[in-house]
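Quick notes on the structure that follows.
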Amino acid sequence: MRIGVPKETAAGEKRVATVPEVVEKLVKLGFTVAVESGAGDAANFADDTYRAAGAEVVPTAADIWTGSDIVLKVRPPSAVEAGLLREGATLIGFVWPAQNPELMQALAARKATVLAIDSLPRQLSRAQKMDALTSMAGISGYRAVIEAANAFGRFFNGQITAAGKVPPAKVFIAGAGVAGLAAIGTAANLGAIVRANDTRAEVADQVVSLGGEFVKVDYEEEGSGGGGYAKVMSEGFQQAQREMYAKQAREVDIIITTALIPGKPAPRLITAEMVQSMKPGSVIVDMAGEQGGNCELTVPGEAVVRHGVTIIGYTDLVSRLAKQSSTLYSNNLLRLTEELCKTKDGVIDVNMEDDAIRGLTVIKDGSITWPPPPLKLPAPAAKPAAAAAAPAAKKGHGHGGGEPMSAKALATVFGIGAVAFLLVGLYAPASFLSHFTVFVLACFVGYMVVWNVTPALHTPLMSVTNAISSIIAIGALVQVAPPLTAAGAADRPNALILGLAVFALVLTAVNMFGGFAVTRRMLAMFRK
């Protein structure tokens, strides 16, 4: 099958759906690839680089739309482009079916199959590699901070110089989704004091981990919606949220808004009165400008000054990093193509039994299949059963139920142990008795050292596995190099014992060094 990549025609769009590096991988999957001349110029991918990767460069968009089995696109196609699409072809890209009903009808009339990358069921873990919304949101969050820094009249980080003291900038980020978290990390790395808010309480730890401070609304209500988005909140919550935003507007230098609700206009978070209360020279970056904006005074696509505050409503933040965003987006489409062409024979199979593919498919062979049926997610583990088990264990005085051992049971255990030790002392050889004593003491000391330490202070890998491995290593060394006798000679073990000891040393060494290597990697995750 032939994959076609046209040049994007939307105003200000600099991205391209496929980069030369990905073209090589598509060719290995069995596809032929055609790219419109100049499609990658705005993202610094010249036609020659596509040719070198194995793609055919065609002169016009019509050659792509009419001669391709699969068309990869970034923005939704225009009415003219939809009319050029070959009948029965497949279109993959951003479509936004809820916002573009007329486009959906036009594509259905072409008997097309349309996979909208924006409709990916993001709650599926296996769909993360195809999640273009997340990859693009991360770029836009980073770029929003860069635009804010460009418009702001000071450093982000605080400095003390001979010429005077410069206080750090205060940044407030409304919405801690993917874009918001990217903005938090970028602003914190630049040295700013970062605050953030989100209706979803579970993101508070993520905000703090990136160096920000989570500002909580003084109103109890859960704001998690489907697919990683927030839901529409109650009027009471919105009033409390407005009061918190008004306070932050008076205190901070920069506000970055990222709030979006799928299928609805962007919520208005920053009013004209809040803008007027901000300090002169402050900056607002409204990342929801394309959906109407979170700020009342935002002009989509422009940067304006109102009441001394610069309000940036650019709708092309991702395109301002065109090379990076094109690379990530094309990788997302590559992973999707791999899912569609598991046989690697250049033929795709839109499997409607696959939850991820079913969610993406908004039109199948001319029939509109959007919205998809709800996902059948696995049911959470039943907690009542576990709760019922605890009383049962308590009733039976079981030792595994968390109840302390009774005095009678404790006396019985110690009595049996004492009898066992007595029998060992009476009938076992003296040499065995000394070794057995060391073994028992080692077990007792090991138990007290390892298991009386709270799990938060050690990893099982370090405390248990390596402790046991070290004991095995010592035992193996004793067998390999036994102590000298009184005559000065060593009793060499037979070949079987020596072989087993060496084999035990090898396995133990692998386990110990591997354990320390993994532990170091775990600890490195918590270091900047």
Sub-4.5 Å side-chain heavy-atom contact between P168 and N157: no
Is N197 close to V217 at the side-chain level, that is, under 4.5 Å between some pair of heavy atoms? yes
Would you sort out whether V16 and F45 count as a side chain to side chain contact (heavy atoms under 4.5 Å, CB included), showing the intermediate values? CA-CA 9 Å; V16 61; F45 295 109; 4.2 Å; yes
Measure from NZ or CZ of K73 to the centre of the six-membered ring of F94 and say whether it is under 6.0 Å with the direction within 45° of the ring axis. no
Backbone of S78 reached by a side-chain donor or acceptor of E81 within 3.5 Å: yes
What distance do E273 atom CD and L297 atom CG have between them, rounded to the nearest 0.5 Å? 8.5 Å
Give me each pair satisfying side-chain hydrogen bond (donor to acceptor under 3.5 Å, both in side chains) with a member in residues 360-369, each pair once, sequence neighbours excluded. T113-D365
Residues L210 and A188: closest non-hydrogen pair is O-CB, 3.5 Å
Crowding at CZ, F155 (>12 non-hydrogen neighbours, <6.0 Å): no
Taking S282 for the side chain and K279 for the main chain, is one N or O donor matched with an acceptor at less than 3.5 Å? yes
So L29 and L334, do their side chains get closer than 4.5 Å, heavy atoms only? yes
Below 4.5 Å, heavy atoms only, C-beta onward: do V362 and M104 meet side chain to side chain? yes
Give the table of side-chain donor-acceptor pairs shorter than 3.5 Å for residues 336-345, with sequence neighbours excluded, one pair per line with atom names and distance.
| unit_1 | atom_1 | unit_2 | atom_2 | d |
| --- | --- | --- | --- | --- |
| T337 | OG1 | L333 | O | 2.7 |
| E338 | OE1 | R335 | NH1 | 3.1 |
| E338 | OE2 | R335 | NH1 | 3.1 |
| E339 | OE1 | R126 | NH2 | 2.8 |
| E339 | OE2 | K129 | NZ | 2.8 |
| T343 | OG1 | D345 | OD1 | 2.7 |
| T343 | OG1 | D345 | OD2 | 3.2 |
| D345 | OD1 | V347 | N | 3.2 |

For M136 and R15, which heavy atoms make the closest approach, and how far apart are they? SD-NH1, 3.3 Å
Report yes if the side chains of L124 and D355 come closer than 4.5 Å at any heavy-atom pair, otherwise no. yes
Is the shortest side-chain heavy-atom distance between V145 and F156 below 4.5 Å? yes
Would you say E296 and T271 are linked by a side-chain donor-acceptor pair, where the criterion is simply a distance under 3.5 Å? no
Would you say CD of E21 has more than 12 non-hydrogen atoms from neighbouring residues, nucleotides or ligands within 6.0 angstrom? no
Validation: residues 64-71 side-chain donor-acceptor distances under 3.5 Å, sequence neighbours left out:
| unit_1 | atom_1 | unit_2 | atom_2 | d |
| --- | --- | --- | --- | --- |
| T66 | OG1 | A62 | O | 2.5 |
| S68 | OG | I64 | O | 2.7 |
| D69 | OD1 | R86 | NH1 | 3.4 |
| D69 | OD1 | R86 | NH2 | 2.3 |
| D69 | OD2 | R2 | N | 2.8 |

Answer with yes or no whether the side chains of T134 and D131 bring together a donor and an acceptor at under 3.5 Å. yes
Looking only at heavy atoms, what is the nearest atom pair of W96 and P76, with distance? CD1-CG, 3.9 Å
Among V207, I254, I173, exactly one meets side chain to side chain contact (heavy atoms under 4.5 Å, CB included) together with V194. Which residue is that? I173
Less than 3.5 Å apart, any donor N or O on the side chain of T186 or N189 sitting next to an acceptor on the other? no
Hey, does the side chain of Y329 reach the backbone of L133 with a donor-acceptor pair shorter than 3.5 angstrom? no
I'd like to check V35 versus V58 (side-chain heavy atoms, cut-off strictly below 4.5 Å). Are they in contact? no
By the definition side chain to side chain contact (heavy atoms under 4.5 Å, CB included), identify the one residue from I368, N100, V114 that meets it with L107. V114
Please answer whether the main-chain N or O of K7 pairs with a side-chain N or O of E36 as donor and acceptor at a distance below 3.5 Å. yes
Could you state the interatomic distance from CD1 (I312) to OG1 (T257), rounded to the nearest 0.5 Å? 11.0 Å
So, do W370 and V95 sit near enough that their side-chain heavy atoms are less than 4.5 Å apart? no
When rounded to the nearest 0.5 angstrom, what distance separates CZ in R242 from CG in L269? 9.5 Å
Give a yes or no answer on whether the side chain of D198 reaches the backbone of A176 with a donor-acceptor pair at less than 3.5 Å. yes
For K323, is there any backbone N or O sitting under 3.5 Å from a side-chain donor or acceptor partner on S326? no
Calculate, to the nearest 0.5 Å, the distance between atoms CZ and CD1 belonging to F31 and I3 respectively. 4.5 Å
Checking side-chain hydrogen bond (donor to acceptor under 3.5 Å, both in side chains) between S135 and each of T327, N331, N332, which is the one that passes? N332
Looking at N294, is its backbone amide N or carbonyl O close enough to the side chain of D286 to form a donor-acceptor pair, meaning the two atoms are under 3.5 Å apart? yes
Under 3.5 Å donor-acceptor, R268 side chain and G293 backbone: yes
Any donor-acceptor pair under 3.5 Å linking the side chain of E8 with the backbone of V74? yes
